Protein chains: 2
Amino acid sequence: MTARRPESEPPTDAAAARPVERTRDADRTRAEILAVATAEFADRGYAGARVNEIAEKLSTTKRMIYYYFGGKEQLYVAVLEQAYGRIRALEQQVDVEHLEPVAAIRELAGLTFDHHEAHPEFIRLVSIENIHRAEHLAGSPALAGLAAPAVDVLAAILQRGRAEGVFRDDVDALDVHQVISAFCVFRTANRHTFRVIFDRDMLDPATRDHQRRLLGDLVVAHLTTR
Amino acid sequence: MTARRPESEPPTDAAAARPVERTRDADRTRAEILAVATAEFADRGYAGARVNEIAEKLSTTKRMIYYYFGGKEQLYVAVLEQAYGRIRALEQQVDVEHLEPVAAIRELAGLTFDHHEAHPEFIRLVSIENIHRAEHLAGSPALAGLAAPAVDVLAAILQRGRAEGVFRDDVDALDVHQVISAFCVFRTANRHTFRVIFDRDMLDPATRDHQRRLLGDLVVAHLTTR
DNA sequence: CCTCTTATGTACCAAGTGGTGAGTTGTGGA
DNA sequence: TCCACAACTCACCACTTGGTACATAAGAGG
């Protein structure tokens, strides 16, 4: 093998390449391609993104895309896998075990809210992948156990809430997750058409707290109403 | 041989389908192009759709696309305008004035639910347009008053509910609309990735009633909780 | 019947598309 | 030191893309 930089994968390594230090580094080149491709695919969709365009924004050449990834589609799949991988990593850091059920639900919903707001390009990739009926995602093995964290944590909270008698006992954890996701994803994914039609920017910082509270209220009300 | 096939007319056509077989009919040609283009753009996105592909599925030629619409982008805008126009027409048929507030909200949410489920290709177009940051929609005048119906009806219901003391008095109509839309749009728009990740088909007919009730419960709980 | 406008069909193109053949150079290990 | 191979560059291509020049046929009106 070749020069392995000790840098053990700083994930958000963007195209911040030093122009002077132009050494050979497979990991760095690969990461740069992925970063640029992620931005490009998220920006224009799979069909809209151009390999040539990605190449031009690289400090290396188009040939390297094919050298490392094989083709446009494989590059796109790699982008998806990396994006989902990062999301999983973040979700696993959730720790709400010490909170009482209602507070825990609010916290979990709030974290999901923050998280989606902080990663609009991920939401875009998800939207794009849905346009393609998740056909690339379906063939990828990189999403094993991707569902578990979020839903497991949620199920545990619901269980505690039921035991304490504060939550209804007929609510499914995945239903709750679906509701939370729907709210959070919609805000980002449908931001533009919603703004044009209803003249409201759902991501306006001025209404952020209100929206965040709205989500919490919504879920808690549902869980505590009989 | 100029005999036109007696049109296997896709669902809702714009041009009055006269039984008379006309060899030349601008309205019909235009409508056919729009119908095929709608299917194609919804299926593959703006960049993914091919003018040649649309042309091949036509009983006329590619030249007609440019004759009637000018180009790919203008055709796409026309598709968007027609789609939104139809949606508006449907929304204006909502009549829940005679119901008591809680039932009215449930009915409105349920109608929205049904409506989104019945028009997946519209949801796809909306997703696609969001990928393009609604830039085509923004420049189109065809959406004046598109927001009014849904939100006005909702506001009236909330008003009555407040007057009768069954609803909270601090809930914004557009917030409620946003929540309902989020739930309904998410089900269709994110169906595929959600199925792959969470192994649940949100559009599975077997869980349709449950999902529909869930949305009603969610909104009513929020409106009636203090 | 003739003519003029509208509607339609055929053949074609320049620019861009994803993708590659083949050679060049840096670098770690023997 | 030197070599083998990974990392990289550059020029190139077959094919598709959106778009168009031009010929022509069908009706409406006179």
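Chain identifiers are assigned alphabetically (A, B, ...) following the order of the sequence lines, protein sequences preceding nucleic acid strands; residue numbering begins at 1 within each chain. Computed from a predicted model, the values in this text were never measured in an experiment.
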Task: Passing candidate, salt bridge (Lys or Arg N to Asp or Glu O under 4.0 Å) with B:Asp201, options B:Arg191, B:Arg187, B:Arg208, B:Arg195 - done: B:Arg191
- [ ] Write down the distance between CZ (A:Arg28) and P (D:dA7), rounded to a whole number of angstrom.
- [x] 13 Å
Open item on the list: Measuring centre to centre across the rings, with the benzene-like ring taken for any Trp, is B:Phe186 within less than 6.0 Å of B:Phe194?
Closed with: yes
Open item on the list: Mind checking if A:Ala49 touches a base, just sugar-phosphate, or nothing, with heavy atoms under 4.0 Å?
Closed with: sugar-phosphate
Open item on the list: For A:Glu81, give me all partners under salt bridge (Lys or Arg N to Asp or Glu O under 4.0 Å), at least two apart in sequence or on another chain.
Closed with: none
- [ ] For B:Ala55, answer base if it contacts any base atom (sugar-phosphate contacts may also be present), sugar-phosphate if it contacts only those atoms, and nothing otherwise; contact means non-hydrogen atoms under 4.0 Å.
- [x] nothing
- [ ] Starting at the 5' end of DNA chain D, write a dot or bracket for each base, bracketing those in Watson-Crick or G-U wobble pairs whose two distances are under 3.5 Å and using | for partners on another strand.
- [x] ||||||||||||||||||||||||||||||
TODO: Check the distance between D:dA6's C1' and A:Asp25's CG and give it to me in whole angstrom.
DONE: 12 Å
Task: Check: C:dT25 base within 3.5 Å donor-acceptor of A:Arg24 side chain - done: yes
Task: Side-chain ion pair, B:Glu32 and B:Arg28, N-O less than 4.0 Å - done: no
- [ ] Would you mind reading off the distance between A:Ile65 atom CD1 and C:dG18 atom P, rounded to a whole angstrom?
- [x] 10 Å
TODO: Give me the residues of residues 66-73 of chain B where at least one heavy atom lies under 4.0 Å from an atom of DNA chain C, by number, or none.
DONE: B:Tyr67, B:Tyr68
Task: Per A:Thr60 side chain, nearest of listed nucleotides D:dC8, C:dT10, C:dG18 - done: D:dC8
TODO: Just jot down the side-chain contact (heavy atoms from CB on, under 4.5 Å) partners of B:Asn52, sequence neighbours excluded, or say none.
DONE: B:Lys62
Task: Any pair counted as salt bridge (Lys or Arg N to Asp or Glu O under 4.0 Å), so long as it reaches residues 124-144 of chain B, sequence neighbours left out - done: A:Asp43-B:Arg133
- [ ] Select one nucleotide: of C:dG19, D:dG18, C:dG21, the one nearest the side-chain heavy atoms of A:Arg63.
- [x] C:dG21
Open item on the list: Suppose the criterion is ring pair (Phe, Tyr, Trp, His ring centres under 6.0 Å): which pairs have a residue in residues 118-152 of chain A, not counting sequence neighbours?
Closed with: A:Tyr46-A:His132, A:Tyr46-A:His136, A:Tyr76-A:His136, A:Tyr84-A:Phe122, A:His115-A:His119, A:His132-A:His136
Open item on the list: Nearest whole Å is fine: how far is C:dA15 P from A:Arg50 CZ?
Closed with: 17 Å
TODO: Measure the distance from CE on B:Met64 to P on C:dT6 and round it to the nearest whole Å.
DONE: 14 Å
Task: A:Ser140 side-chain N/O to A:Leu137 backbone N/O, donor-acceptor pair under 3.5 Å - done: no
- [ ] Return the value, rounded to whole Å, for the distance between atom CD of B:Glu56 and atom C1' of D:dT17.
- [x] 13 Å
TODO: Look at A:Thr61 and D:dT9 and indicate whether a side-chain polar atom (N or O) is within less than 4.0 Å of OP1 or OP2.
DONE: yes
Task: A:Val185 side chain reached by A:Asn190 side chain, heavy atoms, under 4.5 Å - done: no
Open item on the list: Between P on D:dC12 and NZ on A:Lys62, what's the gap in Å once rounded to a whole number?
Closed with: 14 Å
- [ ] Return the value, rounded to whole Å, for the distance between atom CG of B:Asn52 and atom C1' of D:dT20.
- [x] 13 Å
Open item on the list: For B:His210 and A:Asp175: C-alpha separation, side-chain torsions, deciding distance, then whether side chain to side chain donor-acceptor pair (under 3.5 Å) applies.
Closed with: CA-CA 10 Å; B:His210 171 76; A:Asp175 280 352; 2.5 Å; yes
Open item on the list: Heavy atoms from C-beta onward define the side chain here; which of C:dT8, D:dT9, D:dC8 lies closest to that of A:Thr29?
Closed with: D:dC8
